[in-house]
Amino acid sequence: MGRMSAAAPPSAPLSLYGEIARDDWSRLAAGMDQPLTESEVIKLRGIGDRLDLTEVREVYLPLSRLLSIYAKTTRRLGSEVSDFLGTPPDQAAERTTPFVVGVAGSVAVGKSTIARLLRELMSRWADTPRVELVTTDGFLYPNAELERRGLMERKGFPESYDRRGLVEFVTEVKSGADEVRAPFYSHMKYDIMPDAHVVVRRPDVVIVEGLNVLQPPPAPNDVAVSDLFDFSIYVDADAGHIEQWYIDRFLALREGAFANPASHFNVFAHLSDDEAIDTARGYWNDINLPNLVENVLPTRHRASLVLRKGADHSVESVLLRKL
């Protein structure tokens with residue numbers, strides 16, 4: 001009887017991403033000038049974030065350069081396709097459209113700070129001088145409509161957004177319209193401001209930031225806003241860490257924005273520490289954690305790049321989708 005050969009060890013599962021450790025990623029910043037000052041970084045930093053010059057230099061400066069390269073390469077591809085199709089030069093120039101970047105992640109994970117930071121950094125690269133930022137908060141239904149639909153307690157869930165309006169907005173931007181207007185959301189009033197708008201005028205790059213920007217379409221024949229992105233980023237962290245950041249932010253807001261009598265959340269300004277922590281934890285457990293688990297986290301695999309954060313808000317590794 002012939003000798004039986006040992007079974008081959010199972011192959012490692014294939015991944016859509018290549019993981020880059022923080023130390024290796026930070027080396028990409030070698031030779032790049034730091035374009036921001038400490039005071040500029042402080043202004044960009046959200047409440048509770050611990051963003052500093054080191055984090056900007058080692059993580060976000062290389063990321064901004066990578067995005068600028070993607071934008072330049074996409075523009076060149078468009079030009080080459082126009083040449084191949086024999087498109088007249090004047091018509092080809094008219095077809096040049098903005099490079100659209102989506103930034104997704106949980107409440108309190110720091111995605112708004114990252115989006116603001118990337119807007120500033122990308123605008124410093126010669127290939128992408130004009131960068132605009134739009135948040136999906138502007139596409140929440142007005143409170144009156146949320147009340148009518150019984151959705152006030154699900155604000156931030158996919159169904160609380162005017163998804164068609166968001167898709168139409170990004171479609172116009174991506175189509176190269178000279179001017180596109182988005183609704184404006186006031187965090188102070190906790191509602192859409194009917195007489196205010198965000199205006200986008202043919203920038204090189206548009207960053208679209210929000211909880212649900214990587215959601216698949218609600219129906220098979222619908223278009224998802226992520227279908228219109230050229231690149232997308234998911235900001236990832238352990239849910240327990242995000243919960244603590246959410247509570248810390250709530251406590252900081254209680255001392256700051258909530259203290260403004262005009263704030264929708266002024267009712268929380270006089271809570272004790274224990275009351276504020278219990279209130280924040282209640283919102284987290286009843287609204288934000290379920291939304292993260294049910295809707296936001298399942299979209300992580302749709303991103304072009306994932307930033308993995310540690311307990312101190314710093315990025316520990318980067319996952320980049322393979323080409």
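Numbering starts at 1 and runs along the sequence shown. All heavy atoms count here, side chains included; hydrogens, waters and symmetry mates do not.
- By the criterion of side-chain heavy atoms lying less than 4.5 angstrom apart, applied directly or through intervening Ile, Leu, Val, Met, Phe, Trp or Tyr residues, Met193 is grouped together with Leu166 in one hydrophobic cluster.
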Worked check of side-chain contact (heavy atoms from CB on, under 4.5 Å) between Asp127 and Arg75: CA-CA 10 Å; Asp127 299 323; Arg75 200 159 50 239; 3.9 Å; yes
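- Both Leu61 and Leu53 sit in one connected hydrophobic cluster of ILVMFWY residues. Membership requires side-chain heavy atoms under 4.5 Å apart, directly or through other members.
- Other residues sharing a hydrophobic cluster with Met188 under the 4.5 Å side-chain heavy-atom criterion for ILVMFWY residues do not exist; the residue is a singleton.
- In this structure, Phe99 and Val101 have side chains that are in contact, with non-hydrogen atoms separated by less than 4.5 Å.
- Residue Glu179 places its CD atom among more than 12 non-hydrogen atoms of other residues, nucleotides or ligands, all under 6.0 Å distant.
- Criterion: ILVMFWY side-chain heavy atoms under 4.5 Å apart, direct or through other members. Under it, Tyr185 and Val199 are not part of a common hydrophobic cluster.
- Figure legend: cation-pi geometry between Lys111 and Tyr234 absent, as NZ or CZ is not positioned both under 6.0 Å from the six-membered ring centre and within 45° of its axis.
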Under 3.5 Å donor-acceptor pairs involving side-chain atoms of residues 134-141, not counting sequence neighbours:
{"from": "Asp137", "atom 1": "OD2", "to": "His187", "atom 2": "NE2", "distance (Å)": "3.0"}

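- Side-chain contact between Ser160 and Arg154 is absent, with no heavy atoms from C-beta onward closer than 4.5 Å.
- Side-chain contact check for Ser175 and Glu172: no donor-acceptor pair (N or O, by modelled atom type) lies under 3.5 Å.
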Evaluate the side-chain hydrogen bond (donor to acceptor under 3.5 Å, both in side chains) criterion for residues Asn143 and Lys189: first the C-alpha distance (whole Å), next the side-chain angles of each, then the deciding distance (0.1 Å), finally the verdict. CA-CA 10 Å; Asn143 287 351; Lys189 297 296 185 182; over 6 Å; no
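- Judged by the 6.0 Å and 45° rule, Arg321 forms a cation-pi pair with Tyr17.
- Using a 4.5 Å heavy-atom threshold, the side chains of Leu67 and Trp125 count as separate.
- Aromatic ring orientation, Tyr283 versus Phe268: perpendicular (interplanar angle above 60°, classes split at 30° and 60°).
- Residues Leu251 and Arg254 meet the side-chain proximity criterion, which asks for heavy atoms closer than 4.5 Å.
- Remark: of the listed residues Arg124, Arg116, Arg45, Arg124 is the sole one forming a salt bridge (charged side-chain N to carboxylate O under 4.0 Å, His left out) with Glu40.
- Side-chain contact between Val59 and Val315 is present, with heavy atoms from C-beta onward closer than 4.5 Å.
- Of the N and O atoms on the side chains of Asp274 and Ser272, not one donor lies less than 3.5 Å from an acceptor on the other residue.
- In the hydrophobic clustering of ILVMFWY residues, with side-chain heavy atoms under 4.5 Å counting as a link, Val225 and Val198 come out together.
- Remark: Arg163 is not positioned above the aromatic ring of Tyr161, lacking an NZ or CZ atom under 6.0 angstrom from the ring centre and at most 45 degrees off the axis.
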Distance-only donor-acceptor pairs under 3.5 Å for side chains of residues 295-305, two or more places apart:
{"from": "Asn295", "atom 1": "ND2", "to": "Asn291", "atom 2": "OD1", "distance (Å)": "2.8"}
{"from": "Thr299", "atom 1": "OG1", "to": "Val296", "atom 2": "O", "distance (Å)": "2.6"}
{"from": "Arg300", "atom 1": "NH1", "to": "Asp236", "atom 2": "OD1", "distance (Å)": "3.4"}
{"from": "Arg300", "atom 1": "NH1", "to": "Asp236", "atom 2": "OD2", "distance (Å)": "2.8"}
{"from": "His301", "atom 1": "ND1", "to": "Pro298", "atom 2": "O", "distance (Å)": "3.0"}
{"from": "Arg302", "atom 1": "NE", "to": "Leu214", "atom 2": "O", "distance (Å)": "2.6"}
{"from": "Arg302", "atom 1": "NH2", "to": "Ser226", "atom 2": "OG", "distance (Å)": "2.9"}
{"from": "Ser304", "atom 1": "OG", "to": "Ser232", "atom 2": "N", "distance (Å)": "3.1"}
{"from": "Ser304", "atom 1": "OG", "to": "Ser232", "atom 2": "OG", "distance (Å)": "3.4"}

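- Side-chain contact between Phe229 and Val213 is present, with at least one heavy-atom pair separated by less than 4.5 Å.
- Put simply, the side chain of Tyr246 does not reach to within 4.5 Å of the side chain of Val109, judged on heavy atoms.
- Around CD of Glu159, the count of heavy atoms belonging to other residues, nucleotides or ligands within 6.0 Å exceeds 12.
- Checking Thr128 against Asp204 by side-chain atom types alone, no donor-acceptor pair falls below 3.5 Å.
- Val205 places none of its side-chain heavy atoms less than 4.5 Å from the side chain of Arg130.
- To the nearest 0.5 Å, atom CG of residue Leu133 and atom CE of residue Met122 are 12.0 Å apart.
- By the neighbour-count criterion of 12 heavy atoms within 6.0 Å, atom CZ of Arg149 is densely surrounded, having more than that number from other residues, nucleotides or ligands.
- Ile277 and Val107 end up in different hydrophobic clusters when Ile, Leu, Val, Met, Phe, Trp and Tyr side chains are linked at under 4.5 Å.
- Counting non-hydrogen atoms of other residues, nucleotides and ligands closer than 6.0 Å to NZ of Lys72 gives a total of 12 or fewer.
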